Protein chains: 2
Amino acid sequence: MKTLYPLSSFNKTELDDFESCFHPIQKTFSRGEIIMRLDEDNGYVGLLRSGTAHLVTTTFDGTKTIIDYFEPGNIFGKRFSPCTQVDPYLVMAKTRCTVQLVDYDRVITCCEKCCKKHIRLIDSMILTMARRAQLHVEVLGKRSIRGKLMSFFYHISRSRGSASFVLPLSLSDLADYISADRSAMMRELKKLNSEKIIVSHSNKVTILKDINV
Amino acid sequence: MKTLYPLSSFNKTELDDFESCFHPIQKTFSRGEIIMRLDEDNGYVGLLRSGTAHLVTTTFDGTKTIIDYFEPGNIFGKRFSPCTQVDPYLVMAKTRCTVQLVDYDRVITCCEKCCKKHIRLIDSMILTMARRAQLHVEVLGKRSIRGKLMSFFYHISRSRGSASFVLPLSLSDLADYISADRSAMMRELKKLNSEKIIVSHSNKVTILKDINV
DNA sequence: AAAAGTCTGTTGCATTTGCAACAAATTCGT
DNA sequence: ACGAATTTGTTGCAAATGCAACAGACTTTT
């Protein structure tokens, strides 16, 4: 396996700094609740402290699409999640979760002391945003479902530092995230298993072989 | 057509501020030259002033993939373009072009005066980065070539404020950017023309109809 | 503990897409 | 202004993918 790849999320120090530097307000949401509407009016940045949440958009016909998924330590909100004027983007609680909210303006404006911590935080937020965008583009950029799956698996494997891992999404949601038909994805998963490239049961995966994707 | 959608690039004021606030050095590159290698060592942020450039990555088998394209007013470089440790990401001159370069640290660190212009610049850079990532994810997220094409066309149309426009990429490069086989894309373009949804000749496109994608 | 809802897993079939290969038009470099 | 390189445009065919539809397992709610 490859070398450890930094997680696209805040570490312990940054989590502490986020609290002490920005003084966020904390809120709890239950499954299915809308944490944030990413539109022009939204001025908040959210930091997920517990649970999982998804960034979803709804198309004309009511189909939901998963743009991004958040785990504890991930940030989202104004500027740190893509947003247009045309389609509604929502951050939605996938499980019960705790979120810390802060005004974007407070984030981007240097504090009186121009403190180093503050600058490091902004940098880290920009970095994680670039990383998550890259992950999705890299995965979606593969022309086959096999390529998308393996690209995503390698990413997760690297970030976890292990060839075995539990997927951060259910298989249904994964199909949505990689923009593939679920049944076609299941078929491909079965093939990958039969060719001994991976071993998987539900959302537990072990990579056996590095293949070119 | 929809309302005007802000361009994912700097406006005149921001271009001026970029120069006066960051004091970039200016360089010229000819077609095919590597402007920047987006790796751990790169500490620069680039602002394209003239010409066009692509963000490309090369896969194991030597295939190039276009991750992003840059036009005058676009920024790229450390933190503002995705970058991993595993794959080489390159910013490459597509035509002869002029670039202004500045240290990322100088961008992210507040200047002595904590000037408003500076903060607005950082904000704008973060915003444009989010927008470009979104565009690509939205386009790649469509399951059919037709969907990808129309999604991209609507975006360009909105950003230009007109139903007629010249594509910012050659058709070959567009196929690459939307991650589709070029011949399959050409076939779909022909269909879109015959169904009178668009009129296109080479890379000049006019949208005739809004369809659900 | 039952019911409702969500998620995994599967199949047949039609359609879309990718691949390979080629010709013609256009653009680029010297 | 010439040749080289790139880009557009096309086709037949095989393979991959999406769609529709269903059954059973697992979770959550009441």
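To find a chain, count down the sequence lines: A is the first, B the second, and so on, and within it residues start at 1. Keep in mind that what you see is a predicted model, and the values were worked out from it rather than measured.
In this structure, A/Arg143 places its CZ atom where more than 12 heavy-atom neighbours from other residues, nucleotides or ligands lie under 6.0 Å away.
Less than 6.0 angstrom separates the ring centroid of A/His136 from the ring centroid of A/Tyr177. Ring centroids of B/Phe18 and B/Phe22 are separated by less than 6.0 Å, placing the two rings close together.
Residues A/Ala163 and A/Ser157 approach most closely at CA-OG, 3.9 Å, considering heavy atoms.
When rounded to the nearest whole Å, the span between CG of B/Leu169 and P of D/dT6 equals 17 Å. The distance from atom NZ of A/Lys204 to atom P of C/dT8 is 10 Å, rounded to the nearest whole Å. B/Arg143 places its CZ atom 15 Å from the P atom of C/dT16, with the value rounded to the nearest Å. B/Asp181 places its CG atom 11 Å from the P atom of C/dT17, with the value rounded to the nearest Å. Distance CE (A/Met185) to P (C/dT10): 12 Å, rounded to an integer number of Å. A straight line from CZ of B/Arg96 to C1' of C/dT30 spans 14 Å, rounded to a whole angstrom. The separation between A/Met186 atom CE and D/dG18 atom P is 14 Å, rounded to whole Å. Atom CG in B/Leu171 sits about 15 Å away from atom C1' in C/dA24, given to the nearest Å.
Heavy-atom nearest nucleotides on DNA chain D were determined for B/Arg31 and for B/Arg187, and the one closer to the 5' end corresponds to B/Arg31. Residues A/Asp173 and B/Ala180 both approach DNA chain C. Their nearest nucleotides, taken by heavy-atom distance, put A/Asp173 toward the 5′ side.
Applying the 4.0 Å criterion to OP1 and OP2 of C/dT10, one finds that A/Lys191 has every side-chain N and O outside that range. Within the 4.0 Å cut-off from OP1 or OP2 of C/dC7, at least one side-chain nitrogen or oxygen of A/Lys94 is found.
For the side chain to side chain contact (heavy atoms under 4.5 Å, CB included) criterion with B/Leu55, the lone passing option out of B/Ile66, B/Leu38, B/Ile35 is B/Leu38.
Between the side chain of A/Arg182 and the base of C/dG9, a donor-acceptor pair under 3.5 Å is found. A donor-acceptor contact under 3.5 Å is formed by the side chain of B/Ser183 with the base of C/dC19.
Comparing D/dT17, D/dT8, C/dG18 by their closest approach to the side chain of B/Ser170 singles out D/dT8.
Across all strands, A/Ser172 comes closer than 4.0 Å to base atoms (heavy-atom distances). In this structure, A/Leu189 reaches neither bases nor backbone, as no heavy-atom distance under 4.0 Å exists between it and the strands shown.
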